[in-house]
Amino acid sequence: MTKKEIVKAISEEIGLTQLKTKEIVQKTFDAIVETLVRDGRIELRNFGVFEVKKRAARKARNPRTGDKVFVPEKFVVTFKPGKEMEEKVLQLEVEAAQSALAQQHGTQAAGGETPPSTNASNTESGNTNSLPGQTAYPNSVASVSSHDSHNPG
């Protein structure tokens, strides 16, 4: 999605002209950049945290020639998504895993959730890293979340 598409969607939803909406969106982006440059960090609740970090100088290798090269230190912007965003993205992963599982078994997901197949190798291999009420999919990122490190069982 581009900034122009964002502006169009917002202007249609709230009833402002695209020109006025574009100005508001641009001012928002400008404020984020100015805050990052000035303070090095901006936290947007229910969205995430942007932070400026210094990446140390290092030695690297040119992949074409194999020659060693020196990469100087530099500042980079990092983003850590908020809890709400992480949960929505995790839901995408779960839905993708369910869809892949349905396609693998030659069935179409009708009406939403496809029941997981009973696969004895899941429990035999110790694949128990899912949350309560969450289906564990073998070799799938969908069964792993940031909550796992806090929930050993």
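By convention here, the first residue in the shown sequence is residue 1. Side chains included, hydrogens not; waters and symmetry mates left out as well; all remaining heavy atoms used.
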**Complete:** Value for CD (E84) from CD (E87), rounded to nearest 0.5 Å, stands at 7.5 Å
Which residues share a side chain to side chain contact (heavy atoms under 4.5 Å, CB included) with [X], sequence neighbours left out:
| X | answer |
| --- | --- |
| D39 | T35 |
| K4 | T2 |
| E13 | none |
| T21 | V7, I10, S11, L16, V25 |

Group every Ile, Leu, Val, Met, Phe, Trp and Tyr by side-chain heavy-atom contacts under 4.5 Å, then state whether [X] and [Y] land in the same group.
| X | Y | answer |
| --- | --- | --- |
| M85 | V77 | yes |
| L92 | L101 | no |
| I14 | I24 | yes |
| F75 | L36 | yes |

**Message:** Checking K8 now: which residues fulfil side-chain hydrogen bond (donor to acceptor under 3.5 Å, both in side chains) with it, not counting sequence neighbours?
**Reply:** none
**Members besides L19 in its Ile/Leu/Val/Met/Phe/Trp/Tyr cluster (side-chain heavy atoms under 4.5 Å)** = none
**Message:** Running the 4.5 Å side-chain criterion over Ile, Leu, Val, Met, Phe, Trp and Tyr, what cluster does V37 land in, apart from itself?
**Reply:** V33
Just distance, no hydrogens or angles: give the donor-acceptor pairs under 3.5 Å from side chains in residues 51-61, sequence neighbours left out.
from: R61; atom 1: NH1; to: G66; atom 2: O; distance (Å): 3.0

Would you list the atom pairs, donor with acceptor, under 3.5 Å between side chains in residues 40-48 and any protein atom, with sequence neighbours excluded?
from: R41; atom 1: NH2; to: E43; atom 2: OE1; distance (Å): 3.2
from: E43; atom 1: OE2; to: R45; atom 2: NH1; distance (Å): 2.7

**Request:** Any salt bridge (charged side-chain N to carboxylate O under 4.0 Å, His left out) involving residues 25-34? Give me the pairs, sequence neighbours left out, ordered by first then second residue.
**Result:** none
